[in-house]
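Remember, it's a predicted structure, so these values are computed and weren't measured experimentally. Numbers restart at 1 for each chain; the letters A, B, ... are given by sequence-line order, proteins then strands. Hydrogens, waters and symmetry mates are skipped; everything else that's a heavy atom, side chains included, is used.
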Protein chains: 8
Amino acid sequence: MSELLDMLARVQSGDITISEAAAALGEREVDLGFAHIDTEREARRGLPEVIFGPGKAPTQMVAIAQALLDAGQNVFATRISEPQLAALQAAFDDVVHHKDAKAITIDRFPRREAEGAVVVVCAGTSDLPVAAEAALAAERMGARVECICDVGVAGLHRLMGHLDTLRASRAIVVVAGMEGALPSVVAGLVQRPIVAVPTSVGYGTGLNGMAAMLTMLNSCVPGITVVNIDNGFGAGVAAGMINRRDDTA
Amino acid sequence: MSELLDMLARVQSGDITISEAAAALGEREVDLGFAHIDTEREARRGLPEVIFGPGKAPTQMVAIAQALLDAGQNVFATRISEPQLAALQAAFDDVVHHKDAKAITIDRFPRREAEGAVVVVCAGTSDLPVAAEAALAAERMGARVECICDVGVAGLHRLMGHLDTLRASRAIVVVAGMEGALPSVVAGLVQRPIVAVPTSVGYGTGLNGMAAMLTMLNSCVPGITVVNIDNGFGAGVAAGMINRRDDTA
Amino acid sequence: MSELLDMLARVQSGDITISEAAAALGEREVDLGFAHIDTEREARRGLPEVIFGPGKAPTQMVAIAQALLDAGQNVFATRISEPQLAALQAAFDDVVHHKDAKAITIDRFPRREAEGAVVVVCAGTSDLPVAAEAALAAERMGARVECICDVGVAGLHRLMGHLDTLRASRAIVVVAGMEGALPSVVAGLVQRPIVAVPTSVGYGTGLNGMAAMLTMLNSCVPGITVVNIDNGFGAGVAAGMINRRDDTA
Amino acid sequence: MSELLDMLARVQSGDITISEAAAALGEREVDLGFAHIDTEREARRGLPEVIFGPGKAPTQMVAIAQALLDAGQNVFATRISEPQLAALQAAFDDVVHHKDAKAITIDRFPRREAEGAVVVVCAGTSDLPVAAEAALAAERMGARVECICDVGVAGLHRLMGHLDTLRASRAIVVVAGMEGALPSVVAGLVQRPIVAVPTSVGYGTGLNGMAAMLTMLNSCVPGITVVNIDNGFGAGVAAGMINRRDDTA
Amino acid sequence: MSELLDMLARVQSGDITISEAAAALGEREVDLGFAHIDTEREARRGLPEVIFGPGKAPTQMVAIAQALLDAGQNVFATRISEPQLAALQAAFDDVVHHKDAKAITIDRFPRREAEGAVVVVCAGTSDLPVAAEAALAAERMGARVECICDVGVAGLHRLMGHLDTLRASRAIVVVAGMEGALPSVVAGLVQRPIVAVPTSVGYGTGLNGMAAMLTMLNSCVPGITVVNIDNGFGAGVAAGMINRRDDTA
Amino acid sequence: MSELLDMLARVQSGDITISEAAAALGEREVDLGFAHIDTEREARRGLPEVIFGPGKAPTQMVAIAQALLDAGQNVFATRISEPQLAALQAAFDDVVHHKDAKAITIDRFPRREAEGAVVVVCAGTSDLPVAAEAALAAERMGARVECICDVGVAGLHRLMGHLDTLRASRAIVVVAGMEGALPSVVAGLVQRPIVAVPTSVGYGTGLNGMAAMLTMLNSCVPGITVVNIDNGFGAGVAAGMINRRDDTA
Amino acid sequence: MSELLDMLARVQSGDITISEAAAALGEREVDLGFAHIDTEREARRGLPEVIFGPGKAPTQMVAIAQALLDAGQNVFATRISEPQLAALQAAFDDVVHHKDAKAITIDRFPRREAEGAVVVVCAGTSDLPVAAEAALAAERMGARVECICDVGVAGLHRLMGHLDTLRASRAIVVVAGMEGALPSVVAGLVQRPIVAVPTSVGYGTGLNGMAAMLTMLNSCVPGITVVNIDNGFGAGVAAGMINRRDDTA
Amino acid sequence: MSELLDMLARVQSGDITISEAAAALGEREVDLGFAHIDTEREARRGLPEVIFGPGKAPTQMVAIAQALLDAGQNVFATRISEPQLAALQAAFDDVVHHKDAKAITIDRFPRREAEGAVVVVCAGTSDLPVAAEAALAAERMGARVECICDVGVAGLHRLMGHLDTLRASRAIVVVAGMEGALPSVVAGLVQRPIVAVPTSVGYGTGLNGMAAMLTMLNSCVPGITVVNIDNGFGAGVAAGMINRRDDTA
């Protein structure tokens, strides 16, 4: 944090303005908790402030959501429990419940225009909630999202029917439990960045998702990166970031 | 693999040509072991065939390198041992030894033009070989690569001096051992996709990189994805893929 | 997957027909999700399509079962929950509930004739559900199955009374929790392939079946192979495959 | 061991002869350490007495080998160190050194006629010693053995060229390190019993073969069973047992 | 098991009688499942047949208890659930419920006379069920048992008041959760064989008793041996065996 | 414990008095279970006798509390369950329920005067119970305690507003789950002893707090020490000890 | 340690003498480092002071040995390295090197008369050093010791030939690596207290002895207790304690 | 990091000076890498910049040391290898080699006056390097340090002789391997903050220090905090911080 002093010196000397300093230091935390929250933040940044449900009282959930709305930000909350959902629905008329993703959103402000394409792939029925959370997160990052979540009987064969979709994407999220080999298979088919999400689906030596995670980390196909077990949200955000083209490089 | 049958039917009926089928199925494995290897592959694909050194005899290394050269491909080999290096240098005049990355390359064919920007960040001296491997891999994926590998005394403060570099990148690789908190710090500064590489640097409860890996996987800053411990190569390839803009989405 | 191209070329040239290609590539996924499902599949292959219960909604269970029946296949579903069972029984008149194995079957089509012999051995009462699942799976693979599941008081002594049965088998499944030494004992008595199933029965350092699994993997008696903890189904299928004599070697 | 009493009673009463009792109890240990060792044992049983090298002094190795030869049995020793090899070669003229498998054999007595077919599959150069050990063990169990051990560049594509070989086998051993997904792929191609051998090849989260082992144990393709990490010998013996047809079922 | 043949030969030749053979081979399994069960077994052996409750249906519990009683043996069942208890109490009038130990006994036959002394030590209230199980098991092995189970406030100081009791014992069971250091302390005070029982009491890095177990296994005071987590029964039996003086050495 | 003899000799010779010996040996255990309990103990020592709730029956809780009160000591009980709370409130009129900390206190005797300053920092709502327990424990050790437990939205930014508070403290407790990086951040801001408390907040590879604990133990910022997962009490006591200035050094 | 005060009071009042107090508190530490060391200690206690080799400089080894001899105690040092051995042999003429056990002894003072019987059982050649250490430790505890350490070919069959020896023992040490099932087998044969020693012999999932240890801890045959991996010394001491009959119970 | 903006605003407005801002933000990183390094830093801060040896080339070590000296700071380097030591001694005349601690120091500038007292306790010879590193680090933090590192024979008894020393300390570092129970014992004797350091001394289930660490983390005596395995440096710094009295609280 010693760069602070450097910035202080440059601001003091008039070398740069405060807002230039803010820009240089990353605007990320600037708007949090301040009165003057930048209402264009989400549209510009693509990532709304997100509320992680577990461990929060329903009343806390409502208060945080209200604070965000007051600051001109849309609301996105994940891993919502039944009581949390009930409290939010009682407090706000326009709660959208994303049942599969176990999430809610409240959109009262304009959102970033959708661009690019993120594909979310998952094979098994049990992995669906994680995949849905990933899809929702990527979409709220500003991505057009397509899901290939064929349940049950089908498998690789259906994936192949979506080869064009996969190829046209900018990033792919692959969700898998059990032995977690699906990301390797997809990586073998298309040259796109793949974010792999191990799920806790399985039993015994599946070790609540650890086996799937180890498989993904040890894949001999390069180009796969991994997030925490069941962390659909993190994967969706990462894919959403990859999808965006607002860098200057 | 049931899509094979579908392809067979479409090829048989003349609906598509073999090369169209190849394109549809992913050209990745097409050129391996065949006589008609596409000599423009690397330029187009950005990822040269890569030889993983450990467990291969020096003579095997030379034979594989020769086969690649015969097929019109450049050579890129990682984690090279001393005997492997000696054998390769004895066999080929134009071996380039990337000492920091413990890798070699032999470039006899045109390579893809560099584009975009990947930044590789690492703090400690001990993490340097992993960072160097990541940088080399990303560069061979077609990325312009910049390293922020300040050894020893300095730290975050030097990182801040490179904020513009970080912001202008399309992907960032962050290499860290010990407690592995650096990716979270970088993720807090810039909104770019971050590929985190835990290293085995540390001792005791560092568990040969496991502690750093767990930290990265559990980061509360979204947008970070993780590769295997010490897997600079995998991180470089992933960052290189993110860096490329040849998708159609 | 590069063999696809080879196949494409051979089909295109008329060298082989599509069905020959399908046969060469393994007919396994061919019939899934297609309209023209081979109704003789089970009789020929010995392995009916199997539905894994956990994580599926009761309505999904019914839909998949119906799809299988429509395709002319018998139904075999494992690890069925109470609600799943109720839904299936409500939907189909001819559900057979295998209570011990926590499985159901619906048989409307001819099944492969039973051959050979698989023996399933387990010692403790708590291991019975896993053993029953193994027995059912092997039976549906086309094996004649015999169980040696003496509960409670008895032990090795009763096993010895079945020595002839063990000797006459083609494969033996041994199910054991706690320290998991039973497969070693059986392997010391008879020269037959043994598939060992560790169960999660035990406590403390039993580590939910990990101790039993490690014992089995480290047995100094060769000829023992191991499946996942509590995976009676996998063991039964493996034993059923060993039991069959339809290879040409 | 209470069956002993039963046997004792039946032998005492003349109900059965000693050799019948021996046959009933499994002839396996009968010949060990006794004077009257059955010199046809190996031919009949298919499994020669095997010496596990690690932890034995070279002189001990020679003594055990001599004892086996004196008893009319061929010698098969695995994981031989350099000093052990030297001592054995100094003591016996007819030592055959299986360099890849790190094993030796001394064959002075007739061996069981080869039958059936076991296929050993491995992809990487580093996995070769484990695969070679498996092949040698299966062969000494009486199996005809074929190896598909394409080193380096090639992969699945070469495997496909051997589909007929795989289909004609009675058992398949699949050796894999890293993420260990190869057994699942082979199991998807052919309906044969598959013995999977995880190897310690890999690094970091590969956990010396643990990641590969977990992948194999959690495979969603049934029919795969697993042995200890690097245990090529055990896999070969298991495959050799499956290959044999001397049961009466 | 090759000794069987030796025994067979000696019985056949009249060299030894069946009962001599039985004695030589260990009388332990002789009486299991046979019609002629030795009703003096418990008095002589000190260890009644024990029923482990978990995983057994109430009706199974009753059946096994009845079989034991029919064979003239007393009943001892551990880790009894509420339904199991109810079923046993309904079936037998003379069930004794050992509430602390979560066990029951039915004594209808004479028991071995108490001898020696086993002391069971535990410090915390939460460890009491495990200690009570150990005490009951040792007592049924024929030991006089004394408990030093001071709950709550007191600690080492109360233990010191029992130094004479500890010194006069033949074996000591020490039950401890959390960091599990109590066995080391007791071993430092008295020179008696100590059987240490880690309990699952604790939280976080206590790892359900693993921390306590590791402490006990790594104690620098020799003379401590360890049983499974929460395995009061096993500790009591081991202490009971040490307590007995019926060897001939 | 051989120092006992030394003490015995010095007391016997009149070299020191019993109370001097007691003082020399640490007065800590002196007052436990004796009739003559020093009623000024808490004021002098700063640490009241503490009752750990889990595993104790409500009636036991009441009895221990009564015994402490009878001995002139205040009561402090942690991790209180609902039934325990009800029993204590029924038995004592003056129970103070610290809801956040899941603790109760009964203060009937004078307490040590507050001194110094301990700061308890935590970021997330879910970590609050652990932080509250730490704060209460430190306070009862005689420390003035300040909490920086900004829930939800805010973060580092609010911490910075408390820099003066942090700087003026004698010890800081930092409570964090997930990746557990907060202690490193605080340690980078102020040169004060930091006691880090990992919490079990998180999921998947968070491993119930293990990931956070490893992060804290591997921090590259020196000056951080760690307690058990969720052990707010232990952290509060340690911070309270650091806060006190009654040593003579 | 509050009993100190009690003792202090009783010594002060003349109620007991210092030596009585010493006896009451356990004489164990009394003689260490004092001038008046009881030269009859070993004969009475049966356990000589033992020096653990690892981590000690050769000169330190010599100094400690000299101190013990000066105090009239015999020397017993375990896990001796080559340099330590050389230094001890250079310093003392009468060093006895127990090569198998990797230990040395120097006996200049009378030792306790041998009594009872401890049997040490181990199967494999690689386990021999651990077994030899156990045997030596038990012997120095005053036990007559017999070893059943048949190397190589033989196995259970040779064990059976020693059934009388096993039955006549007071305690049995069983040493085993790999899957560690030998203690269960021995426990099934004889009703004697069994101290199980897992060894680090094995590979892969043997986890350096962890698999063997888990097997032993989870044995379904009660009466087995376990010591640390490779801890032959601890097992020998425990067996030696069980073997002794100097208690008064 | 949003506080930066706040600081920027206050500096810009002249509300505070740069040095006040620096003071507010923590002066810790200010002096690193800047030209104007505060030469009084160490005297004021008590913690010299420290070089961690592992992974650094000898030439890098020399360069960093030179940079520190050029900036007017003394040098303190830990875990020095032989080549690093040689290079430093060749480069600087006044290197002080702390052999036990495997560290070096170069003192050319005035150091903070020693105050207070830190005691470092360790029992075993093998733990000495860790203890010496802790002592050196605490001393360089400005503490008077006393060591109680009685090797070999002695133990608790010698510790008791130092009770006055322990009582007069402001912080105690306790270093222990094996089962790691020493910190609990010391915590039972004196009411001082205890920093526990597990060491990797031990074998088998000691798990390279993990068992000792778990013991320390699960101690039922509050007031103990823990650092990484073998992290003497971290413990010394923590104790040094506790020892200092420059807070204003």
* For D:Met213, is it the side chain, the backbone, both, or neither that has a heavy atom closer than 4.5 Å to a heavy atom of chain C? -> side chain
* Backbone N/O of D:Gly116 and side chain of D:Arg144: donor-acceptor pair under 3.5 Å -> yes
* Hey, what do you get for CG (D:Leu182) to OG (D:Ser219), rounding to the nearest 0.5 Å? -> 11.0 Å
* Donor-acceptor side-chain pairing of C:Asp230 and C:Ser200 below 3.5 angstrom -> yes
* Asked: Checking D:Val195 against chain C: side chain, backbone, both or neither under 4.5 Å from a heavy atom?
  -> side chain
* **Charged N-O contact under 4.0 Å between D:Arg111 and D:Glu139** => yes
* Structure fact -> Highest number of heavy-atom pairs under 4.5 Å with chain D among C:Pro193, C:Gly234, C:Ala238 belongs to C:Pro193
* Portion of D:Ile229 that has a non-hydrogen atom of chain C nearer than 4.5 angstrom -> neither
